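Atoms considered below: every heavy atom in the structure, side chains included; atoms not considered: hydrogens, waters and symmetry mates. Reminder, nothing fancy here: chain letters follow the sequence lines and each chain counts from 1. What you are looking at is a predicted structure, and each value in this text was computed from that prediction instead of being measured.
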Protein chains: 2
Amino acid sequence: MTHAAARPATLEDVARAAGVSRSTASRVIAGTGFASPDARDRVVAAVDQLGYVPNPAARALVRGAGVRLAVAVTGTTSAVLDDPYVDRVVAAAARVCTPQGLGVALHWLPRHAPQALRQLAFDRGVCGIVLVNTTEPVLDAVPRSLRGRIASIGIGSAAVPSFDVDNGGGATAVLHHLHATGRRRIAMVTGPRWLSCAGRSVRAYRQVMREAGLPVRLVRGDFTATRGRAAAREVLDRWPDTDAIFAASDATALGVIAGLRRRGVRVPGDVAVAGFDDIPLAELSTPALTTASHPVGRIATAAAQAVLDRRPTPPATFFPSALVPRDSA
Amino acid sequence: MTHAAARPATLEDVARAAGVSRSTASRVIAGTGFASPDARDRVVAAVDQLGYVPNPAARALVRGAGVRLAVAVTGTTSAVLDDPYVDRVVAAAARVCTPQGLGVALHWLPRHAPQALRQLAFDRGVCGIVLVNTTEPVLDAVPRSLRGRIASIGIGSAAVPSFDVDNGGGATAVLHHLHATGRRRIAMVTGPRWLSCAGRSVRAYRQVMREAGLPVRLVRGDFTATRGRAAAREVLDRWPDTDAIFAASDATALGVIAGLRRRGVRVPGDVAVAGFDDIPLAELSTPALTTASHPVGRIATAAAQAVLDRRPTPPATFFPSALVPRDSA
DNA sequence: CTGAAAGCGCTAACAC
DNA sequence: GTGTTAGCGCTTTCAG
């Protein structure tokens, strides 16, 4: 039973109630060091009875550890933080942190000022960092002191383990599907140039096209729907005989469909459209969007976990992306 | 210039560098108490030069404050945490916390065990709480000790200031639009029964119907698209002459449209459909979804801010919801 | 195996 | 105005 006290119990209270010293109580609770079964039991009972919860601030202070995990998103402006993708990452990280008495902070890392990362590294309140949309310059700016407590969702480096979706595999699956259903002039709307991890799906595209002896038709995108709309027009103007468009994100794909529609092009009748991410609304759009899955929550959970556990981590972990065939392609 | 040190600077270092005592440095940095302009300048310079960042753990410890803001979401199962809406709230809260050296934690509050809230209240690591999807029993379970550092997104109480969208106003705007465009048999798919704040739009619906002398046609929903699909069939079966459906969320509305389509009903030709929330993809669906805006980010920001600032807060703050007319109604 | 004691970095009385 | 001092709650040597 939890006894409701006016003032939350401290370790001192627990120790007194258990008839042991603070040190012993601490050892039992932190699970570090030795303690007799008897002492252990009494401490556990006292903890339970008083509803004791360790004060994470005190703990962090004495251990020299931080109290929050920083999610740092690289981007040109702070607008990159206004993104459902970032929201997912932050929420997933928060779920991982909560049981440990930690919190999550959200930072924008200016793309052209990667030194900002050092600030974060020096903040004694930060126990670890999860990088999002990382670039090579940012990775190069990672100070030694961050070793073992930083991970990246996207590309990684020798010092920074990476966690990401296998966009190469997902893209290949989508493109094979397009090819298998008879499409032969397949254009792709890519992600932003500066985002290296977006390059993997472009490489997959080039390779599939080469193997199939098909022409390469690339249009630069930025993951947004707005850009997708414009990109659709661009594709139509440059290569009027295009019969399929693969977009690097679902939002872009939806924009592409809207753009196509406006020009009187039928989807998937005239042009098939496929996206990437399988966002919740992909299956609700009309036509339902063919896409590839992207387990953002699981990826972010793994990255946050790796940072908190400070456990040896493989340099790169890829999460499979599966084709989700629906109506648009 | 930030001088890169092996060990992050402490207040002690700053004080020494500025030639003052720790207290004076503390006063200047925390902005509390007096300090001569001269001392102030020297401290500021030292902070800058050493790249000093206060240790939030130490600060929280001595002040008896927490180091994280808890976002607590009420629901039957922990699955309520898997919701883009919750993601938005958490991310917005994280942005507010970050500059203060705080983090965000995410908790599930079992709907049938509101006592869980006491646990949170006793956790000395928690500096404040933002309630999401609150119910009356949860509000009743708020302990005194939380006064002044808790806010609710949704319904509030005497002890808990609330921040929410004006769903009554938004619903009214949508319904007037439906009526103005000639719809006369308007059904509504509601939110879950246990969620009181969802009741406001139902009340608005009842009132508009009464004033217009139109029949009330209510189907219970749960904000999901899946339920929307089923609800569409239910509406069609019970009231075949329905010419408009207002859904309490965009996801539901999109589900309704899908369900309608499957039955060969044209939207908006045969039945107009309107949603609520204006999620990013509302404008990308086909037909583009008519809806009412819902500034989740601003609401969450305000709620988090209020909790952190511990500033006197009006008992209820409503954020306007505006009609966003598109193609579906 | 256990307790005493020394701090972690900071703030807030309280003297000067 | 400024410095001195006493902790906040916890972990961790170091003796017993």
**Prompt:** Base, sugar-phosphate alone, or nothing: which one does A:Ala35 contact when heavy atoms must sit under 4.0 Å apart?
**Reply:** sugar-phosphate
**Message:** So if I define the base as every atom that isn't primed, P, OP1 or OP2, how would nucleotides 9-16 of chain D read as a B/S/- string at a heavy-atom cutoff under 4.0 Å?
**Reply:** BBBB----
**Fill in**
The complete set of salt bridge (Lys or Arg N to Asp or Glu O under 4.0 Å) pairs with one or both residues in residues 299-316 of chain A, sequence neighbours excluded, reads A:Asp309-A:Arg311
**Pair listing, salt bridge (Lys or Arg N to Asp or Glu O under 4.0 Å) test, anchored in residues 145-159 of chain B, at least two apart** = none
**Request:** Would you kindly give the CG-to-P distance between B:Asp13 and C:dC8, to the nearest whole Å?
**Result:** 12 Å
**Message:** Without decimals, in angstroms, what is the distance between B:Arg42 CZ and D:dT2 P?
**Reply:** 8 Å
**Message:** Checking B:Glu12 now: which residues fulfil salt bridge (charged side-chain N to carboxylate O under 4.0 Å, His left out) with it, not counting sequence neighbours?
**Reply:** B:Arg22
List the atom pairs, donor and acceptor, that lie under 3.5 Å between side-chain atoms in residues 66-74 of chain B and the rest of the protein, sequence neighbours left out.
{"unit_1": "B:Arg68", "atom_1": "NH1", "unit_2": "A:Gly101", "atom_2": "O", "d": "3.2"}
{"unit_1": "B:Arg68", "atom_1": "NH2", "unit_2": "B:Asp123", "atom_2": "OD2", "d": "2.9"}

**Item:** Qualifying side-chain hydrogen bond (donor to acceptor under 3.5 Å, both in side chains) pairs with a residue from residues 89-107 of chain B, counting only residues at least two apart or across chains
**Value:** A:Asp82-B:Arg95
